There are 2 protein chains.
Amino acid sequence: METEIRSGRRYKGVSNEQRRAERREKLVDAAIAVYGAVGYHGATVRAICAEAGLTERYFYESFENGEALLAAAFEAVMARLTEEVMTALAPLSTFDMGSIVRTALATYYGQLRANPNEARVFLVEILGVSPRMDTIYWDTIRQVSLSILRFAPDAAERADDLGLDLDLFADGLIGAVVQIALGWVRSGYAAPIDTVVETAMAILGAVNREYLSPRA
Amino acid sequence: METEIRSGRRYKGVSNEQRRAERREKLVDAAIAVYGAVGYHGATVRAICAEAGLTERYFYESFENGEALLAAAFEAVMARLTEEVMTALAPLSTFDMGSIVRTALATYYGQLRANPNEARVFLVEILGVSPRMDTIYWDTIRQVSLSILRFAPDAAERADDLGLDLDLFADGLIGAVVQIALGWVRSGYAAPIDTVVETAMAILGAVNREYLSPRA
DNA sequence: CGATATTGACAAGAAACGTTGTCAGATTTG
DNA sequence: CAAATCTGACAACGTTTCTTGTCAATATCG
């Protein structure tokens with residue numbers, strides 16, 4: 001008496017899996033919009049589903065709970081940011097660290113300005129939610145750290161000589177960049193982006209010249 | 001028929017106002033402990049009252065809601081940190097910026113290590129809770145910014161010359177210090193405190209030597 | 001001592017939310 | 001066309017929490 005045919009049927013021309021994927025994407029986009037409006041903690045499953053134009057049942061089709069959606073939203077934003085930065089860096093022919101960092105910063109801040117809701121997810125909403133989300137956030141931070149430090153091959157050895165902790169050192173540099181982003185977002189993007197980039201470059205540049213550049 | 005005598009009566013030897021103040025303080029301390037254990041979002045009014053050894057009615061005697069208590073807890077931690085730093089700086093006779101900053105950092109990180117629960121309130125739990133809490137957090141940040149920049153009187157003018165935004169510049173420096181603190185706390189205070197201080201000093205020192213010290 | 005204020009334990013109302021279930025209508029497949 | 005699947009709107013259950021209220025026991029004041 002039970003229906004055995006479980007594999008999907010095409011609907012409106014699209015396959016089962018594709019419909020699921022589209023609904024999931026709609027939910028992620030809706031979540032970013034709702035988080036931007038009322039924050040993660042003010043966002044309810046109902047509100048997100050309404051924003052997505054979907055019913056609650058489809059929420060649980062793709063996500064176990066609200067936190068899983070936040071994680072997915074964060075990862076989506078992070079993936080987009082990473083891709084944009086990589087794309088911007090690709091045509092660079094120089095290995096000059098200043099140019100690389102400036103380009104990356106300009107792209108990063110530019111994206112945050114172009115997508116304020118995503119900026120909020122990336123910078124604010126993710127924090128202090130749960131141990132699981134903290135882990136995701138810190139894994140991301142450390143991943144970026146590693147990317148940065150790859151441009152300064154002898155940094156580890158030099159940090160050791162100076163009695164510094166390289167991980168914390170990288171955390172500090174990222175913290176500077178992120179806090180500038182936060183201050184800028186919070187100001188309503190008051191300063192022109194060039195000023196923001198140069199301000200971050202002032203800090204990173206000073207550190208680079210003193211600690212990371214090949215010259216001892 | 002109504003009781004007109006509203007002004008307090010002494011109880012167990014202490015006055016009305018003092019009893020209230022003591023209960024309030026108990027609640028703040030309990031809140032910090034509970035936040036440290038389960039986070040702000042996992043903390044319920046009941047749990048905090050139980051930790052404080054008080055009943056729920058006394059909660060609403062001192063705080064309008066749970067968020068007000070978080071604000072009070074944050075302010076208490078901030079006040080304590082500020083006082084400790086000020087006390088540590090007072091005996092310094094030098095005006096050397098390096099010594100001042102190093103002492104302040106050592107005190108700050110030392111306090112965070114001595115009080116992990118307070119560290120968590122100060123660094124994590126406060127974030128992303130509500131617009132009101134964000135405002136409190138940012139007012140605090142900017143207040144610290146101003147304190148720092150007072151040691152570099154011509155910084156504003158110089159920042160202008162270089163096309164930087166001074167507020168964002170200060171945000172960046174604070175962000176570096178705070179993110180190092182976060183990384184350190186998250187690591188379970190793995191590195192010795194001297195290493196942490198020197199790591200932060202490496203960033204702040206490089207910036208100071210290049211941008212803030214009297215020499216152009 | 002008697003009246004009143006204070007305290008602590010706990011009940012109860014109300015509201016919000018997550019999560020699951022129902023069901024009629026639309027769409028596809030054979 | 002007929003059966004099966006898919007969709008969307010919404011109801012309903014259970015849980016949790018905030019918040020206010022009740023009441024007896026305890027301490028103070030006159």
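Chain identifiers are assigned alphabetically (A, B, ...) following the order of the sequence lines, protein sequences preceding nucleic acid strands; residue numbering begins at 1 within each chain. Note that the structure is a prediction, hence the values are computed from the model and not measured.
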Starting from P on D/dG8, measure out to CZ on A/Arg19 and report it in whole angstrom. 10 Å
How long is the line joining OH of A/Tyr11 and P of C/dT29, in whole Å? 10 Å
note: B/Phe59, atom CZ; D/dT17, atom C1'; distance rounded to Å ~ 12 Å
Between B/Gly13 and B/Tyr60, which residue's closest nucleotide on DNA chain D lies nearer the 5′ terminus? B/Tyr60
Can a donor-acceptor pair be found between the side chains of B/Thr107 and B/Arg102 at a distance below 3.5 Å? no
Nearest to the side chain of B/Val45 - C/dC10, C/dG18, D/dC18? D/dC18
With the side chain of B/Asn65 defined as its heavy atoms from C-beta on, choose the nearest nucleotide among D/dT19, C/dG8, C/dT19. D/dT19
Specify the residue among B/Arg57 and B/Glu64 whose closest nucleotide of DNA chain D lies further upstream toward the 5′ end. B/Glu64
Flag yes if more than 12 heavy atoms outside A/Glu61 fall under 6.0 Å of its CD atom; otherwise flag no. yes
Starting at NE2 of A/His41 and ending at C1' of C/dA16, how long is that distance when rounded to a whole Å? 16 Å
For B/Leu54 and D/dT19, what is the distance between atoms CG and C1' respectively, to the nearest whole Å? 17 Å
base_contact_polar (D/dT28 base, B/Arg9 side chain, donor-acceptor, <3.5 Å): yes
Between CD of B/Glu56 and P of C/dT6 the distance, given in whole Å, is 20 Å
Indicate whether OP1 or OP2 belonging to C/dT27 is found under 4.0 Å from a side-chain N or O atom of A/Lys12. yes
Can you tell me the distance, in whole Å, between the CG atom of B/Leu70 and the P atom of D/dC18? 13 Å
A/Thr135 versus B/Arg186, side-chain donor and acceptor atoms under 3.5 Å: yes
Kindly say if B/Asn16 contacts the phosphate of C/dT6, meaning a side-chain N or O under 4.0 Å from OP1 or OP2. yes
For B/Arg20 and C/dT7, give me the distance from atom CZ to atom C1', rounded to whole Å. 15 Å
More than 12 foreign heavy atoms under 6.0 Å from CD of B/Glu25: is that the case here? no
Atom CD of residue position B/Glu83 - does it have more than 12 heavy atoms of other residues, nucleotides or ligands inside 6.0 Å? no
Using only side-chain N and O atoms of B/Arg10, determine if any of them is under 4.0 Å from OP1 or OP2 of C/dT6. no
Need one value for A/Thr44: base, sugar-phosphate or nothing, where a base atom within 4.0 Å counts as base even if backbone is also close, heavy atoms only. sugar-phosphate
Nearest of D/dT19, D/dC10, C/dT7 to any side-chain atom of B/Tyr58? C/dT7
Map B/Arg23 and B/Arg46 onto DNA chain C by nearest heavy atom, then report which one ends up closer to the 5' terminus. B/Arg23
